[in-house]
Amino acid sequence: MSNSENKLPSIISHCKEYGFIFQSSEIYDGLSAVYDYGQWGVELKKNIKDAWWRSMVYMHENIVGIDSAIFMHPTIWKASGHVDNFSDPMIDNKDSKKRYRVDHLIEQFAEQLSITNPDEANAMLSLMENLLSKDDFTGLKNLIEKYKITCNISNTCNWTDVRQFNLMFETKLGSLAEESDTIYLRPETAQGIFVNFLNVQKTGRMKIPFGIAQIGKAFRNEIVARGFIFRMREFEQMEMQFFVRPGTQKEWYEYWKNARIKWHYELGIPPAQYRFHDHQKLAHYADAACDIEYNFPMGFKEVEGIHSRTNFDLTQHQTFSKKKQFYFDNDIDPATNKPYGNYIPYVIETSIGLDRAILMTLSEAYTEEDLSTPEKQDSRAVLKFPAKIAPIKLAILPLMKKDGLAELAKELMNDCKPHFLCYYEEKDSIGKRYRRMDALGTPFCVTIDHQTKEDNTVTIRYRDSMEQERIPMSEVKEKVLNALN
RNA sequence: GCGGAAGUAGCUCAUUUGGUAGAGCACAACCUUGCCAAGGUUGGGGUGGCCGGUUCGAGCCCGGUCUUCCGCUCCA
């Protein structure tokens, strides 16, 4: 649509200047791809979480929430495939910039070599296995260079060092290093739901179809983390796993695609800013998958994924834990006139990146307006959040400090603050205070003046239109509350 | 990871052949002020990203390093 070019840098500096998002460890030169949420960012984040939780858990009688630990038994990540699929030594060709898995590169070369010299090819492969098992990266590189293995694209042998890219962060559990076990910081919240599937199903007497929702931190050691809070090493996910009877996954997949895009529209974001991206190449666990992409300042990018994960995860956990992950379905199968009986449910996953959702709402809300008149140059920066996700809902501003206006303002403050976040401000000219509130995205400002003392009316000022209206002070709270629904 | 650009006060930026930093805004106090930023007075705030080198002397030159942004690449 619009002016995407330089919008991201403006958003980043606005976020810093107005207390939304700071770079982590800034006074120590920062920590790459890690960010902290400041006083207003944390409110925005909380409001988006609440909007999601409300729509998923409160609005669906068959969905409940959990909060599983970040630390989990290391075997969980073997079962999920994260250990094996994402810890291979890699090497880059410096000319083509193409990245290869070292074992694939060598195996491919050995295959060709075996045509002319099978013995040497076998010797080479067994040497490779030996080096791989010892994590001898220097040895692997020497092997590649010794045989002058080249890149298919550049046909050169100009390689970087062999490096291991671990997706997962490791840490040690236990007080003594020697006795400690390596565990991982979870790279997704989903597995915490899968391993609690039966706990929740049994204690909550859940009947299929049902869902388990969770909001929580996840950690990925991204090789290239970029784009402000778009791709962070520590981030937060809002995931829901929906357990269904095998054979019904297609219709539930469609249901959730539809339900989730509606949630996005309810944030007040126009449909034209979204598109679905259906995956052609599916991951090993999925039988259908799509992304909801939002038109970020840097282009359409994934904000949420909806995946039909089959029964892969529960089956894997059944295999690795040796605990049955069956659900007994009492419903009558019309085909046989008997209950459906025991099965491992299929799963539809909805997974939205909370930080990406925040960047999305910031991108959508951030507006620079030129308010210049022939007499005077003027502009303002506004965050046009929907009221329900705005950090501050109402600013209460006595026109002057004196003459008891502050006291009246405090009265209104005390009346409203149990219900939503209010901000009291008596410094500076009224116009300046309005603009400051615009920059924070506060939808309503109320000004208390001398007339308030006489007839108990106040001026309410609307952020987007900048229009003002005189209303009884007693109606302010209701008016704001109405806007929050 | 590769290529490009940048880093001076909270923010936006100056200091034009290297001579121990300045403005506006913001902030604090007081005065003034009746509804859409930038009224007055006073004040606080910088070991010029960090480390090292050249030099009598470095914000400025050289090397390294960290961080960010842009493009490319990758993404279960």
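Note that the coordinates shown come from a computational prediction; the quantities given were computed from them, not determined experimentally. Quick note on labels: first sequence line is chain A, next is B, and so on, each numbered from 1.
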If I pick the [atom1] atom on [M] and the same atom on [N], what distance separates them, to the nearest angstrom?
N     : M     : atom1 : answer
B:A6  : B:G39 : C1'   : 37 Å
B:G10 : B:C27 : C1'   : 8 Å
B:A28 : B:A14 : C1'   : 26 Å
B:G24 : B:G19 : C1'   : 27 Å
B:G18 : B:G57 : C1'   : 8 Å
B:C66 : B:A23 : C1'   : 29 Å
B:G43 : B:C56 : C1'   : 38 Å
B:G22 : B:G45 : C1'   : 14 Å

Testing the 3.5 Å rule here: is there a donor-acceptor pair between the side chains of A:Asp287 and A:Tyr253?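 Result is no, nothing qualifies.
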Going by atom types alone, do A:Glu304 and A:His264 pair a side-chain donor with an acceptor below 3.5 Å?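 A pair is found: one side chain offers a donor N or O, the other an acceptor, under 3.5 Å apart.
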Rounded distance in Å - [atom1] ([X]) to [atom2] ([N]):
X        : N     : atom1 : atom2 : result
A:Leu31  : B:U65 : CG    : P     : 18 Å
A:Leu371 : B:C36 : CG    : P     : 12 Å
A:His307 : B:A76 : NE2   : P     : 9 Å
A:Glu304 : B:C75 : CD    : P     : 21 Å
A:Met298 : B:U68 : CE    : C1'   : 15 Å
A:Glu26  : B:G7  : CD    : C1'   : 12 Å
A:Arg220 : B:A76 : CZ    : C1'   : 7 Å
A:Lys16  : B:C11 : NZ    : C1'   : 8 Å

Go along nucleotides 23-35 of chain B 5' to 3' and tag each nucleotide: B for a protein heavy atom under 4.0 Å from its base, S when only backbone or sugar atoms are that close, - otherwise. ---SSSS----BB
Looking only at side-chain N and O atoms, does A:Gln23 come under 4.0 Å of OP1 or OP2 in B:U67?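 False: A:Gln23 side-chain N/O out of range (4.0 Å or more) of B:U67 OP1/OP2.
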Among A:Phe20, A:Phe228, A:Phe230, A:Phe235, whose ring-ring contact (aromatic ring centres under 6.0 Å, His included) with A:Tyr35 holds?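 Output: one option passes, namely A:Phe228.
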N/O donor-acceptor pair, side chain A:Arg231 with base B:C75, under 3.5 angstrom: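 Checked by distance alone, the answer is yes.
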Which is more 5' along RNA chain B, the nucleotide nearest A:Ile12 or the one nearest A:Tyr462? Just name the residue.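 Going by which nucleotide is closer to the 5' end, it is A:Tyr462.
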Assign [X] to base, sugar-phosphate, or nothing according to its heavy-atom contacts below 4.0 angstrom with the strands shown.
X        : answer
A:Ala286 : nothing
A:Phe230 : nothing
A:Ser13  : nothing

On the ring face of A:Tyr424, is A:Lys410 found with NZ or CZ under 6.0 Å from the centre and within 45° of the axis?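 Here A:Lys410 passes the 6.0 Å and 45° test against A:Tyr424.
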May I ask you to establish whether A:Lys257 and A:Phe276 are in a cation-pi arrangement, using a distance under 6.0 Å from NZ or CZ to the six-membered ring centre and at most 45° from the ring axis?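 Yes, A:Lys257 sits over the ring of A:Phe276.
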Answer yes when [X] and [Y] have at least one side-chain N-carboxylate O distance shorter than 4.0 Å, and no when they do not.
X        : Y        : answer
A:Asp428 : A:Arg436 : yes
A:Glu239 : A:Arg186 : no
A:Glu425 : A:Arg433 : no

A:Gln318 side-chain N/O to A:Gln325 backbone N/O, donor-acceptor pair under 3.5 Å: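 At least one qualifying donor-acceptor pair exists.
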Contacts of A:Ser321 that satisfy side-chain hydrogen bond (donor to acceptor under 3.5 Å, both in side chains) - sequence neighbours left out: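 side-chain hydrogen bond (donor to acceptor under 3.5 Å, both in side chains) list for A:Ser321, sorted by chain: empty.
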Convert the base pairs of RNA chain B into dot-bracket notation, remembering that pairs crossing earlier ones are written with [ ] and that bases paired across to another strand are shown as |; include only Watson-Crick or G-U pairs under 3.5 Å. (((((((..((((.....[..)))).(((((.......))))).....(((((..]....))))))))))))....
In terms of the angle between their ring planes, are A:Tyr18 and A:His14 parallel, tilted or perpendicular, with boundaries placed at 30° and 60°?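 Geometry flag for A:His14 against A:Tyr18: tilted rings.
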